[in-house]
Amino acid sequence: MRYFLYIISVLTLVLASCGGAGKTDDKVSADSLYSVRDSVLGKADIYPDTVIIRYAKGLKVDYLSEGVRVTVSDPDPSSAGDSVSFVVKEPKKRFICMTALQLSNFIALGLEDDVVGMNSLRHIFNPRIVERMRDGKTLKIGKEGNFDLESVIASQPDYIFVSSSKHGGYETLKECGIPLIPHHGYKETDPLGQAEWIKLVGLLTGEVRRANAVFDNIEMKYNTLKEEVRLLTENANVRIPTVVSGRQIRSGWYVMGGNSYMARVFKDAGADYVMADRQETGGVNMDFESVYAKAVDADFWQIDGSFDGEFSLKCLKAEDSRYADLRAFKEKHVLFCNFASTPYRELSPVEPHLMLADFVKAFHPKVLPHYSPKYYKLVGD
């Protein structure tokens with residue numbers, strides 16, 4: 001009966017979101033993209049208490065008589081990393097997070113109190129986490145290669161999430177006798193695949209219904225907006241804009257590969273990525289001239305970073321005067337996400353629908369006429 005109610009609920013939401021397919025302004029509204037977490041979690045009871053993985057390449061779940069076997073592997077097909085399997089038999093409530101992406105899963109589920117330790121993460125916005133760190137309920141455990149083992153042990157974690165993007169110190173953590181779980185969500189190239197790692201946290205904490213409720217809400221909104229853009233761009237009269245990513249960082253221009261997460265968002269938002277022919281699933285450094293040749297005529301330019309104050313085109317030009325020659329710069333089509341003033345790191349992994357909406361707003365503004373971007377915003381003079 002509960003599962004039947006779940007199916008009816010999801011179908012109702014999908015039908016409601018897809019009503020009026022021919023009316024661009026009506027199908028996806030700005031208000032429908034945003035969610036009040038408590039309202040989503042309040043409906044969790046109608047969702048199933050079992051996990052099905054549909055998008056994440058690095059997660060596999062098998063239900064056995066003795067518990068739930070979870071297999072975690074690197075989603076990157078070129079990776080030679082070994083997979084890790086373990087059986088979940090009972091809920092755990094004490095975790096250490098090493099990255100903001102891992103933290104995002106707990107925030108989305110309303111389980112901030114389950115995070116008892118973190119490394120020295122910058123730019124934490126979540127008020128509950130900030131309060132817990134101030135009160136000593138969530139301990140700072142140091143950075144990779146220089147962990148404070150006393151704090152690690154004092155936090156009494158059941159599990160420690162680790163990330164293969166960080167190096168050093170994990171062997172020392174193993175000596176504490178606390179299980180380490182690799183969290184490869186950041187390597188998923190499908191935005192919904194990255195968000196689906198929330199189900200791993202749901203399994204470990206015994207909050208599978210919550211995880212299913214949150215993820216299904218994300219999935220519905222992302223796919224509804226993606227479909228709206230697809231229908232729009234199939235019209236021969238609609239021009240498909242081009243977009244370039246990144247900028248010069250030290251020895252080269254850092255761009256996202258053509259098979260990367262960001263490249264997928266660009267595509268789903270109805271744009272042609274100028275580096276789509278690159279095979280990398282992550283970022284890559286290229287010489288300035290090679291990127292410039294493709295970037296100079298791109299309609300839009302996506303960049304991000306931490307900046308104190310208001311980032312402007314003037315600031316960008318001060319980094320390199322050649323930037324001013326780019327078409328996107330001249331037409332004020334530079335999209336910037338400021339990590340110092342937005343909760344990008346701790347929320348965007350579980351808000352891919354809003355990431356998508358930010359770019360749709362820029363590329364095809366008629367689709368979301370009343371939407372205010374959350375992460376990527378057009379840069380002024």
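Note: hydrogens, waters and symmetry copies are ignored here, and every other heavy atom, side chains too, is used. These numbers were taken from a predicted model, which means no experiment stands behind them.
Partners of R37 by salt bridge (Lys or Arg N to Asp or Glu O under 4.0 Å), not counting sequence neighbours, listed by chain and number: E112. The salt bridge (Lys or Arg N to Asp or Glu O under 4.0 Å) check on K294 picks up D277, with sequence neighbours excluded. With sequence neighbours excluded, the residues forming a salt bridge (Lys or Arg N to Asp or Glu O under 4.0 Å) with D190 are R264, listed by chain and number. In this view, F336 and F311 satisfy the ring pair (Phe, Tyr, Trp, His ring centres under 6.0 Å) rule, not counting sequence neighbours. Every residue meeting the salt bridge (Lys or Arg N to Asp or Glu O under 4.0 Å) condition with R69, not counting sequence neighbours, appears here in chain and number order: D62. For Q302, the side-chain hydrogen bond (donor to acceptor under 3.5 Å, both in side chains) partners two or more places apart in sequence, or in a different chain, are D304, Y376. Annotation: side-chain hydrogen bond (donor to acceptor under 3.5 Å, both in side chains) contacts of T50 (sequence neighbours excluded): none. A search for side-chain hydrogen bond (donor to acceptor under 3.5 Å, both in side chains) contacts involving R322 returns D320, not counting sequence neighbours. By the ring pair (Phe, Tyr, Trp, His ring centres under 6.0 Å) test, Y323 pairs with W253, W301, sequence neighbours left out. In this structure, the ring pair (Phe, Tyr, Trp, His ring centres under 6.0 Å) partners of F363, at least two apart in sequence or on a different chain, are F300, F359. Every side chain to side chain contact (heavy atoms under 4.5 Å, CB included) that S104 has, sequence neighbours left out, goes to P349, V350.
Between the side chains of T281 and N259, no donor-acceptor pair is found at a separation under 3.5 Å.
Contact detail for P191 and P352: the closest heavy-atom pair is CB-CB, 3.8 Å.
By the criterion of side-chain heavy atoms lying less than 4.5 angstrom apart, applied directly or through intervening Ile, Leu, Val, Met, Phe, Trp or Tyr residues, V201 is grouped together with V84 in one hydrophobic cluster.
Comment: K92 does not engage D114 in a salt bridge, judged by the lack of any side-chain N to carboxylate O separation of less than 4.0 angstrom.
Each of K221, K199, R54, R209 was evaluated against D216; a single residue qualifies, R54, per the salt bridge (charged side-chain N to carboxylate O under 4.0 Å, His left out) test.
Contacts classified as salt bridge (charged side-chain N to carboxylate O under 4.0 Å, His left out) and involving residues 340-364 (residues at least two apart or in different chains) are given here: E351-K374.
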